[in-house]
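For reference, the structure is listed below as structure tokens.
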Amino acid sequence: MNEKYPFSEIEAKWQTFWRDQGLFETDVEKASRKFYCLMMFPYPSAALHVGHGRNYIIGDAVARYKKMCGFETLTPMGWDAFGLPAENAAIKTGTHPRATTLNNIATMKRQLARWGICYDWRREVTACLPDYYRWTQWFFLQFYRSGLAYKSHAPVNWCPSCNAVLANEQVIDGQCWRCETQVTEKKLDQWFFRITRYAQRLLDDLDQLPGWPERVKTMQRNWIGRSEGAQVEFRLVPRADGQPDPHPAITCYTTRVDTIFGCTYMVVAPEYEALPALVKGLPEAPAVAAFTEKSGRLTAIERSGDTLEKNGVFTGRKVINPYTGETIPLWVGDYVLTGYGTGAVMAVPAHDTRDWAFARKYHLPIRLSIQNPEQNLVLETLKEAWTEDGVLVNSAHFSGQTSVEARASMARFAEEKGFGKATVNFRLRDWLISRQRYWGAPIPIVYCPDCGIVPVPEKDLPVLLPDDVEFRPTGESPLKRCDAFMNTPCPKCGKPARRESDTMDTFVDSSWYFLRYLNARDDQQAVNTKLCDRWLPVDQYIGGIEHAILHLLYARFFTKAIHDLGLIHFNEPFAHLFTQGMICKRSEKDGQLYKMSKSKGNVVSPDELISDYGADTVRLYTLFIGPPERDAEWNDQGIEGASRFLRRLWRRVCETHPNLDAAQGIACDPQAMDDIERNLHRRIHETICHVTESMDSDFHFNTAIAFIMELVNALDGFPLAADRPQRGAVYREAIETVVLLLSPFAPHVAEELWMELGHPAGSILKTSWPQHDPTALVRSRVEIVIQVNGKVRGRLEVDAGLSQEALREIALAEPTVQKFIEGKTVRKAIVVPDKLINIAVG
RNA sequence: GCCCGGGUGGCGAAAUGGCAGACGCAACGGACUUAAAAUCCGUUGGCCGAAAGGCCGUGAGGGUUCGAUUCCCUCCCCGGGCACCA
């Protein structure tokens, strides 16, 4: 055995061994105790850095642990390979996106292997290859057929830098999620997925995901934004000039129908569709037109946020409050959003802060209709709106009801009288999936002058993305300029027709890839129902928090939609989700901490580190850096610690090789042990206990590794004695345990040491994970802490299991304790058996 | 504004009602060496003290408790989510 830890030799050797033995290739047909361990598949952008590594190292550790626990583990990997960066690079350099992408994939695959991260590569999926996107297109067709995909002319988010539209989920603070450019609004014909049809189920089923972080579920709940309220129709007072209206009433949505007796005016959004017709020919019409035109110039971003001053004008029209029969004015105001509810709100200034501000500005009447519990709200002295629930006042026969009672009874009343009803509203909007870019899956639709929108027949899939396309961005889809692609006979009538020129959002590709791993090479069907039903939901999904809404919401939607197509029989794709924190690094320029990324120029490449220290060291440090769910700062010096530890362990095995060999086959017998041996034996089992627990719960491998380090430290100066076989046996047990417990984190060195310990056949992965022996944890002597008034004044070693009385006696007799209780009365002594005594004196 | 995290040595952090700072980094002192690296031994929260020892200390203030980093209340700071959603 080489004294100097020869990591590069070892690592190359075992990586080859794992690959040649197919240790990570899973027979999905016959697995009985299955474990599906999935990591979010990456976008193949250039090369991986150590920040990416965290995700895969955690996943690899979990997979290896589960294998040793006897699970048949499925760990596949693939590539989210469509997307803008490759296309943008192509525009700059002229290299085709396919070439860059496939190149990057090869690099990243090599990097993963050098890291010792193993996958079942026979199941690799690559989203940009026709054998994958063919089925992405197939799902589009199924969605189209079931009404889940539809085309609509709508105002959409436009990123002028990406030259493409964005879904709502992809706009962060008014900026493009990818390039942080300010998003503008455009009205375009676009394809949507009707995710709103699943809003309620997407919300409800979150409760069936106890294995998800609460934080992610909360974010999804907020995003879906369900609210319960009522729709109420306010009839329009007919026009004086006798002109007809497009509809006789304006419907508003409110969550506070209990306040409606305090409603003193109504407001519609500037974009309210019937507004021009409602005011046509009235003296107010020009002012209304001027106002809507002006607010239309503001972007959606400028209009959102409560900082903007609320503006509005009177429309000249009046409506009737159906509860009071009262006539109130109809205004148009820029604080009303067109996309939410009905685009019209009833205004109750006394009980809504926004209505309050608007009414004060335009001197509209304010009326109290809710009283607070103290009964001290007085209109004349009201300084701001009272927006909490209370008891109804000035509300006819509803007066005296609580807000909660009134919301139910008043909705019922509206329904009986026929002017309204209780309704539910969602904030979630449909998912816009068209992209005016080249490097994506073509939308399988043909436009025929005679037949209109015609879906491409399934037998004609895939609609191949042509290679030879000028993809310089013009704001129009590049495919439009490719006649060979665009011109196609209508699948229905055969006459010349044109293809859809947009491609699909890449989030569509990633919404179903976890199903495809089960039958990645199957060219007959998109998914294999039987295998999916057996292997999914995914047992453990691991990825970044940045997908809390985006990918994780879309994937849940796809799963439900595919379930409803009858292709799978589960409703949720991921049973347990773990979101790891980002690896950050201080910028050399400004000293600030940033997420490690190429654009920030603070990436650390694994390649050089692995060459210098070895993959096991890099893995160990990455896991040791801190609790995995939290962000962490990468510190190049920190890696020294991990390196020292592995070298120390290596040397220890080397130097005590004869002792270890001699102890082989000698069983650990606690009955035959002396105190030294029993203490080490206990430590061994405490360590097993702790490491196993972190494996099964929160993945806090930082403390798991610390425990293993402590066990190794405990071996320093351990007195090996030739005449005591149990010495060697316990020592050997310690080393074997360290190697086994370390193997998910530092697999190469673990394999090598395991072999050195005399297990020549096969892999440590085939060995069982160690079990702790509860009897080994029992101590016969314990250290008792003695406190006086909560302050530590001494400690004592005593036999375990002494009675409270006995411990009290012993403690009070201690000279150091005497000093602190002298001349004082002992009021109380709290005894925590085998742990602590606190004497309260005064 | 609402909701969720977080705030502990020089640094990454540990402890979830019972010894604050495990484990690691860095620093310092020592051993080995011609020297350096590597390795090994030791010190390392602050203040007082020659030492024994004492006092203080987990963002701030208050509370509950024999005992609080941990539970409760108020506030401050940092990060994230939602936000004119009626």
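No experiment lies behind these values; they were computed from the predicted model shown.
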### Summary
Ranking B/C82, B/C19, B/A38 by distance to the side chain of A/Glu783, first place goes to B/C19

### Query
Nearest of B/A86, B/G81, B/U39 to any side-chain atom of A/Asn222?
B/G81

Sub-3.5 Å pairs of nitrogen or oxygen atoms, protein against nucleotides 40-43 of chain B:
from  : atom 1 : to       : atom 2 : distance (Å)
B/C40 : OP1    : A/Arg651 : NH2    : 3.3

### Message
Between A/Lys791 and B/C56, is there a contact of a side-chain N or O with OP1 or OP2 at under 4.0 Å?
### Response
yes

Restricting to nitrogen or oxygen on both sides, can you table the protein-nucleotides 10-15 of chain B pairs closer than 3.5 Å?
from  : atom 1 : to       : atom 2 : distance (Å)
B/G12 : O2'    : A/Ile625 : O      : 2.6
B/A14 : OP1    : A/Asn702 : ND2    : 3.0

### Query
What integer number of Å spans the C1' atoms of B/U70 and B/C2?
27 Å

### Closest to side chain of A/Glu640, choosing from B/C82, B/A26, B/A86
B/A26

### Message
Is the ring pair A/Tyr554/A/Trp431 parallel, tilted or perpendicular, if the boundaries are 30 and 60 degrees?
### Response
parallel

#### Entry: In B/G6, glycosidic geometry as syn within 90° of 0 or anti otherwise
anti

### Message
Reading 5' to 3' and counting Watson-Crick or G-U wobble pairs with both distances under 3.5 Å, write the dot-bracket notation for RNA chain B, | for bases paired outside the strand.
### Response
(((((((..(((.....[....))).(((((.......))))).((((....))))..(((((..]....))))))))))))....

For nucleotides 64-66 of chain B, tabulate all protein N/O to nucleotide N/O atom pairs closer than 3.5 Å, reporting atom names and distance.
from  : atom 1 : to       : atom 2 : distance (Å)
B/C66 : OP1    : A/Lys828 : NZ     : 2.9
B/C66 : O2'    : A/Asn838 : ND2    : 3.3
B/C66 : O2     : A/Asn838 : ND2    : 2.6

### Query
Do we see a donor-acceptor contact under 3.5 Å between the side chains of A/Glu384 and A/Trp356?
no

### Query
Base, sugar-phosphate, or nothing for A/Arg793, non-hydrogen atoms under 4.0 angstrom?
sugar-phosphate

### Query
With distance as the sole criterion, is a donor-acceptor pair present between the side chains of A/Asn425 and A/Ser227 under 3.5 Å?
no

### Message
Classify A/Asn713 by what it touches in the nucleic acid, base, sugar-phosphate, or nothing, heavy-atom distance under 4.0 Å.
### Response
sugar-phosphate

### Message
Could you check whether any side-chain N or O of A/Tyr323 sits under 3.5 Å from a backbone N or O of A/Met410, counting only pairs where one atom can act as donor and the other as acceptor?
### Response
yes

### Query
For A/Arg647, what residues pass the salt bridge (Lys or Arg N to Asp or Glu O under 4.0 Å) criterion, not counting sequence neighbours?
none

### Task
Take A/Phe645 and A/Tyr253, find for each the nucleotide of RNA chain B with the closest heavy atom, and name the residue whose nucleotide sits nearer the 5' end.
A/Phe645

### Task
Could you label the plane-to-plane angle of the A/Tyr335 and A/Phe358 rings as parallel, tilted or perpendicular, counting under 30° as parallel and over 60° as perpendicular?
tilted

## Note on the structure
In short, A/Ala199 meets A/Ile224 closest at the heavy-atom pair O-CG2, 3.9 Å

### Task
Look at all strands and tell whether A/Val792 reaches a base, only sugar-phosphate, or nothing, counting heavy atoms closer than 4.0 Å.
sugar-phosphate

### Task
Return the nearest nucleotide to the side chain of A/Val785; candidates are B/C19, B/C82, B/C84.
B/C19

### Query
Base, sugar-phosphate, or nothing: which does A/Phe426 touch, judged by heavy atoms less than 4.0 Å apart?
nothing

### Query
Think A/Tyr335 has a side-chain N or O under 4.0 angstrom from the OP1 or OP2 of B/A86?
no

#### Entry: For A/Phe7, all residues meeting ring pair (Phe, Tyr, Trp, His ring centres under 6.0 Å), sequence neighbours excluded
A/Tyr5

### Task
Looking at every strand, decide which applies to A/Glu214 at a 4.0 Å heavy-atom threshold: base, sugar-phosphate, or nothing.
nothing

